[in-house]
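Reviewing the structure listed below.
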Amino acid sequence: MTDADAAPRSVGVVVVAAGSGTRLGAAVPKAFVRLAGRTLLSYAVERVVQVPGLASVVLVLPEGWLPGEPGYDHEISRHLPAGTAFVAGGAKRGDSVRNGLERLDPACDVVLIHDAARCLTPVSTFERVVAAVGAGAAGAVPGLPVVDTIKTVDAEGVITGTPDRAALRAVQTPQGFDAKVLRTAYASGLSATDDAALVELTGHHVRVVEGDPLAFKVTTPEDLAHAERIVAAGWSP
Ligand code: C5P
């Protein structure tokens with residue numbers, strides 16, 4: 001049996017969209033920056049709702065941008081399933097994930113954590129992650145081979161090592177996990193730079209599945225211009 005044949009599971013998705021996006025230099029939080037007239041968040045949500053087996057969605061939004069607040073993006077209501085939960089984010093991404101997990105339906109056995117800033121991530125990427133967890137992986141993240149040679153450096157910028165490029169992957173989201181594994185990792189009191197690293201710290205193996213160049217994160221004005229060119233070229237999910 002291949003990963004793609006794995007039985008569908010009950011999937012919950014936490015979309016983290018509470019970051020400020022300082023590096024983008026926009027007047028609004030990054031997820032609310034517009035791309036061809038629509039927010040990055042609305043593109044992300046449009047794809048999330050197509051995930052097979054989807055049972056629960058939580059949107060983690062900045063204070064002031066929740067439903068009933070002045071910043072709320074009514075466009076997303078058009079896409080969201082009934083029962084979608086909303087919660088305010090925290091100071092760091094990990095805090096926002098934790099807040100989202102608390103609101104996710106406890107019946108979900110697969111949990112995906114997705115950055116709204118990776119707004120053009122195709123549904124097929126979500127499917128590969130869900131399939132890997134459905135096939136028994138504790139966690140699965142999309143990743144791409146690294147094209148540049150990567151160096152480690154010390155505080156003075158002197159190179160201290162050159163990791164074998166063949167063993168490196170640039171990872172993306174959605175990051176998917178067995179729900180119990182992820183909840184236990186968040187309850188551990190440990191902290192890490194991403195959800196996969198946290199799960200690794202609690203002793204589980206996390207697999208990398210094939211990522212997609214379209215799952216890039218909008219971070220800088222150049223990334224936004226890249227996303228605009230993709231949308232203008234007529235790309236659709
Ligand atoms: O800042 P960065 O681009 O790495 O953030 C990745 C994702 O995490 C974004 O979608 C952002 O909105 C979200 N985030 C969050 N809460 C924070 C920081 C980031 O939800 N405190």
Side-chain angles (χ1 to χ4, degrees), residues 12-35 38-49 51 56-67 69 71-73 75-76 79-80 84-104 111-122 125-126 129 139 141-144 169-177 182 185-186 191-199 211-228 230-231 237:
V13 184
V14 174
V15 180
V16 283
S20 61
T22 319
R23 287 167 291 182
L24 199 52
V28 297
K30 181 160 69 179
F32 296 88
V33 167
R34 288 184 181 268
L35 176 59
R38 288 171 48 195
T39 63
L40 301 189
L41 178 63
S42 82
Y43 286 90
V45 162
E46 189 181 7
R47 278 143 200 87
V48 163
V49 298
V51 172
S56 176
V57 180
V58 179
L59 299 189
V60 185
L61 304 178
E63 298 275 3
W65 299 79
L66 289 149
E69 296 182 334
Y72 183 68
D73 175 17
E75 159 77 19
I76 57 176
H79 303 289
L80 288 169
T84 297
F86 300 86
V87 65
K92 293 192 178 149
R93 183 183 179 281
D95 302 318
S96 294
V97 174
R98 185 186 303 276
N99 292 358
L101 268 181
E102 281 169 10
R103 295 297 305 276
L104 197 70
V111 177
L112 306 185
I113 311 295
H114 186 50
D115 291 344
R118 297 184 189 273
C119 58
L120 300 183
T121 304
T125 305
F126 288 82
V129 171
V141 303
L144 291 174
R169 297 290 179 276
V171 301
Q172 306 172 319
T173 73
Q175 300 200 342
F177 305 92
L182 186 64
Y186 266 90
S191 65
T193 46
D194 73 350
D195 307 300
L198 190 59
V199 165
D212 194 302
L214 286 169
F216 70 97
K217 186 168 68 170
V218 174
T219 304
T220 64
E222 290 73 28
D223 298 328
L224 187 61
H226 179 50
E228 272 161 0
I230 291 167
V231 171

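Read the numbers this way: they start at 1 and go in the same order the structure lists the ligands and their atoms.
Annotation: ring-ring contact (aromatic ring centres under 6.0 Å, His included) contacts of Phe177 (sequence neighbours excluded): none.
Note on ring orientation: taking the six-membered ring where Trp is involved, the planes of His226 and Phe216 are tilted (angle from 30° to 60°). Ring geometry for Phe32 against Trp65 counts as tilted: the plane angle lies between 30° and 60°, on a 0 to 90° scale.
In this structure a side-chain-to-backbone donor-acceptor pair under 3.5 Å is present from Arg47 to Tyr43.
One finds a salt bridge joining Asp195 and Arg93 here, because a Lys/Arg side-chain nitrogen approaches an Asp/Glu carboxylate oxygen to under 4.0 Å.
Near ligand 1, heavy-atom contacts under 4.0 Å come from Val16, Ala17, Ala18, Gly19, Arg23, Lys30, Gly90, Ala91, Lys92, Arg93, Ser96, Asp115, Ala116, Ala117, Lys217.
Between atom CG of residue Leu214 and atom SG of residue Cys119 there is a gap of 10.0 Å, rounded to the nearest 0.5 Å.
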